[in-house]
2 protein chains.
Amino acid sequence: MTDIGKKKATIYDLSMLSGASPSTVSAVLNGSWRKRRIKEATAQLIQKLANEHGYTANLQARGLRSSRSGLVGLLLPVHDNRYFSSMAQSFEAQVRSRGQCPLVVSACRDPEEERKVVETLISYSIDELFIAGATDPDGVHKVCEKAGLKHVNIDLPGTLAPSIISDNHEGARMLTQAIIERAQEDGPLSPDDLYLFGGRNDHASHERIRGFRDVKRALLGADPDVCIQPTGYSPAMTARAFEAFYEGHGKLPRAFFVNSSINLEGLMRFLALHPHETFADIIVGCYDYDPFGSFLPFPVFMIRQDSEAMITKGFAILDADRGPAITHLVRPTLVPPRTALIGPLDALKDIE
Amino acid sequence: MTDIGKKKATIYDLSMLSGASPSTVSAVLNGSWRKRRIKEATAQLIQKLANEHGYTANLQARGLRSSRSGLVGLLLPVHDNRYFSSMAQSFEAQVRSRGQCPLVVSACRDPEEERKVVETLISYSIDELFIAGATDPDGVHKVCEKAGLKHVNIDLPGTLAPSIISDNHEGARMLTQAIIERAQEDGPLSPDDLYLFGGRNDHASHERIRGFRDVKRALLGADPDVCIQPTGYSPAMTARAFEAFYEGHGKLPRAFFVNSSINLEGLMRFLALHPHETFADIIVGCYDYDPFGSFLPFPVFMIRQDSEAMITKGFAILDADRGPAITHLVRPTLVPPRTALIGPLDALKDIE
DNA sequence: AGTCATTGCACCATCGATTGTGCAAAAAAG
DNA sequence: CTTTTTTGCACAATCGATGGTGCAATGACT
């Protein structure tokens with residue numbers, strides 16, 4: 001810290017100061033000095049100088065030379081959502097604990113954007129990439145492949161790279177069963193009392209819909225196609241679907257399964273425009289967990305996907321190198337209404 | 001795309017292929033070729049080759065040489081929260097639209113971690129840094145200063161760099177007034193019917209508390225100190241404070257101001273352990289907006305901070321270069337209960 | 001035809017690290 | 001007191017791009 005304001009110190013500066021050669025300084029500072037048989041005393045001198053001058057390696061130079069940057073990327077559809085932001089949080093912690101630098105970017109569910117963003121990341125020579133919820137995982141895969149970048153899919157599977165996803169079918173079964181049972185406490189439930197809103201033409205949605213229909217048919221005997229309303233992932237579209245149902249029936253379905261918390265935001269938009277009575281006794285299942293969503297003024301069953309476990313498994317797969325393009329399922333958990341789970345925030349120290 | 005699987009093409013490869021020198025190739029590909037008086041035909045040839053081979057510049061090399069990386073950092077306390085994740089979302093969009101690469105990292109409200117993370121970012125030669133909600137903005141400032149890194153504070157002000165923050169005092173006044181008026185609809189409100197929970201020893205909390213007390217004293221005539229319960233920023237601590245109040249009084253305060261959505265999560269934890277009757281008629285104000293928080297089973301007034309405007313202003317200040325260390329206030333908005341605002345997600349295309 | 005300006009590009013040092021190689025000096029072995 | 005081995009380190013090439021400088025070829029002008 002003796003040289004505040006000056007340019008950052010380099011190994012050449014330390015080389016001058018210490019009398020050692022730049023390569024020796026480099027070796028000392030990157031830890032490879034024992035292998036290079038540098039004297040303990042020399043190493044200590046250099047480390048002392050490095051501390052005094054607040055030396056930190058220029059990681060771009062290091063990355064350029066060694067073609068490893070220490071950057072690990074996480075590609076998200078969006079930040080602004082508890083599922084993905086909590087994934088980002090665990091991701092960061094895990095990357096940081098491995099001594100690497102997390103790089104979280106979002107691509108807005110746009111396949112074109114996904115590829116462009118990944119190209120950019122590759123230009124920074126990132127070492128590994130987690131592709132979460134990509135619209136076109138295989139398109140992204142090809143870009144990575146070409147650059148020799150190790151990667152895994154999270155949340156939405158691809159066919160060309162290992163994928164780690166939530167067990168959507170099982171999760172949807174649990175959730176569907178939970179809302180049916182809860183709804184039946186208020187009286188018999190007929191098949192068209194139970195709807196599904198949200199999701200689109202992706203693997204996760206398919207599996208969730210399949211799980212929903214399996215359980216619904218088993219417990220209620222039927223599932224008319226009209227009860228499945230795939231509205232895409234936008235709150236606006238979802239709100240429109242609720243609105244449409246409401247116009248047709250003068251109420252909402254007694255119970256329904258909402259594909260994600262983003263879709264659940266669509267329900268909020270609907271609610272904002274209607275009086276309490278409209279939804280006095282609905283039962284909702286939402287495939288995502290949100291601490292506030294869990295306390296809405298009607299029962300909301302939620303599914304908490306274990307993003308932390310997915311990230312952990314992702315690293316395991318990347319470390320194992322050259323894993324086959326299989327899909328690993330991670331079991332989610334059912335969260336009953338009015339539940340406040342602890343999350344990554346609780347790891348924070350917040351001394352007063 | 002003719003060389004799938006091979007290493008990435010460099011300007012040297014294109015130099016060979018085109019017969020031009022590397023510097024010419026470089027000039028063509030980085031756009032400076034007109035200044036360097038390269039023939040149009042040469043430029044086109046090189047660009048064609050670059051496309052065919054899927055050339056993308058190695059940004060580490062470029063950054064090393066030009067000492068500008070094209071990276072812009074955003075330092076957050078945490079990801080897992082609607083306020084910050086939506087800030088990240090706007091930040092990304094704005095950085096991307098300026099042709100740079102966003103780098104969002106969190107430092108868990110730990111001053112030490114904040115400095116370390118910023119050191120790391122500096123090692124990657126980031127060009128600019130947004131410091132959002134730093135526990136120790138001035139400590140971070142010094143680190144930036146030393147490296148000659150341009151930066152602004154967002155959300156929590158420092159004394160050494162320009163800061164852009166929410167007008168916490170005014171926001172708190174609006175919020176306090178709103179909950180008082182709403183509570184008075186149910187009957188007269190005495191000073192100890194109105195509490196404030198959350199926040200700690202930072203500028204934002206101080207201002208909010210000041211705004212709260214101003215309005216409360218003006219409208220209710222007094223504000224006993226016991227009504228201010230600064231619990232820090234953790235949900236667990238906040239839950240404990242509610243629990244303590246409840247044990248003492250057998251109920252929650254009729255109305256209360258919660259310092260942030262993270263603290264509001266603490267309320268959820270409390271609620272999970274108590275029956276509905278406990279909070280049948282509470283009125284809540286929360287200094288943060290969350291779409292689900294707005295629809296809880298009691299009136300929740302919220303403050304929406306305009307993170308998008310803050311980011312925009314941040315760029316304006318950085319672009320203006322060498323701004324003085326003043327604090328700019330951005331006016332937040334009061335959000336009445338049961339309101340679903342549109343957010344950054346609505347910018348997404350989600351064609352079905 | 002001779003001078004001068006312009007065009008078009010190649011050359012080369014440089015950014016800050018990493019790493020293979022080589023060679024003295026010191027230590028151990030004979 | 002040699003010879004061999006080990007220790008300790010310096011040298012120099014390299015990663016991929018940038019940008020100042022210099023120089024030949026071409027065109028303009030007297």
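Note that the coordinates shown come from a computational prediction; the quantities given were computed from them, not determined experimentally. Here is how names work: the chains are called A, B, and so on, in the same order as the sequence lines, proteins then strands, and each is numbered from 1.
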Between D:dT14 and B:Tyr12, is there an OP1 or OP2 to side-chain N/O distance shorter than 4.0 Å?
no
Under 4.0 Å, counting only non-hydrogen atoms across every strand here, what does B:Ala20 touch: a base, just sugar-phosphate, or nothing?
sugar-phosphate
Quick one: which of C:dA17, C:dT19, D:dC9 gets closest to the side chain of A:Ser66?
C:dT19
For atom CZ of B:Arg34 and atom P of C:dC9, their distance in whole Å
13 Å
Whole-Å distance between D:dT26 P and B:Arg37 CZ?
16 Å
N or O in side chain of A:Ser21 less than 4.0 angstrom from D:dA10 OP1/OP2:
yes
Of all the heavy-atom pairs spanning B:Val143 and B:Arg115, show the shortest one and how long it is.
CG2-CG, 3.5 Å
Gap between atoms CZ and C1', on A:Arg65 and D:dA12 respectively (whole Å)
11 Å
Within the 4.0 Å heavy-atom criterion, would you say A:Ser67 contacts the bases, only the backbone, or no part of the nucleic acid?
nothing
Think A:Ser23 has a side-chain N or O under 4.0 angstrom from the OP1 or OP2 of C:dT19?
no
Look at all strands and tell whether B:Arg62 reaches a base, only sugar-phosphate, or nothing, counting heavy atoms closer than 4.0 Å.
sugar-phosphate
Send over the distance from A:Ile11 CD1 to D:dC11 C1', rounded to a whole Å.
13 Å
Using whole Å, what does the distance between atom P of nucleotide D:dT18 and atom CG of B:Leu64 come to?
11 Å
Main-chain N/O of B:Leu76 paired with B:Ser106 side-chain donor or acceptor, under 3.5 Å
no
Between A:Ser32 and A:Lys35 (side chain of the first, backbone of the second, donor and acceptor by atom type, cut-off under 3.5 Å), is there such a pair?
no
Could you tell me whether the phosphate oxygens of D:dT18, OP1 or OP2, come under 4.0 Å of any side-chain nitrogen or oxygen in B:Asn30?
yes
Rounded interatomic separation in angstrom, taking CD1 from B:Ile38 and P from C:dT7
13 Å
How close or far is atom C1' of C:dA25 from atom NZ of A:Lys39, stated in whole angstroms?
11 Å
Reckon B:Thr24 has a side-chain N or O less than 4.0 Å from the OP1 or OP2 of C:dC9?
no
Charged N to carboxylate O below 4.0 Å: is that the case for A:Lys142 and A:Asp136?
no
Looking at A:Glu128 and A:Arg68, does any basic side-chain N land under 4.0 Å from a carboxylate oxygen?
no
Nearest-angstrom distance from the residue atom CZ of A:Arg68 to P of C:dT19
10 Å
Quiz item: A:Arg36 side-chain donor-acceptor pair to C:dG20 base, under 3.5 Å
yes
Go through D:dC9, C:dT18, D:dA10 for me and flag the one nearest to the A:Thr42 side chain.
D:dC9
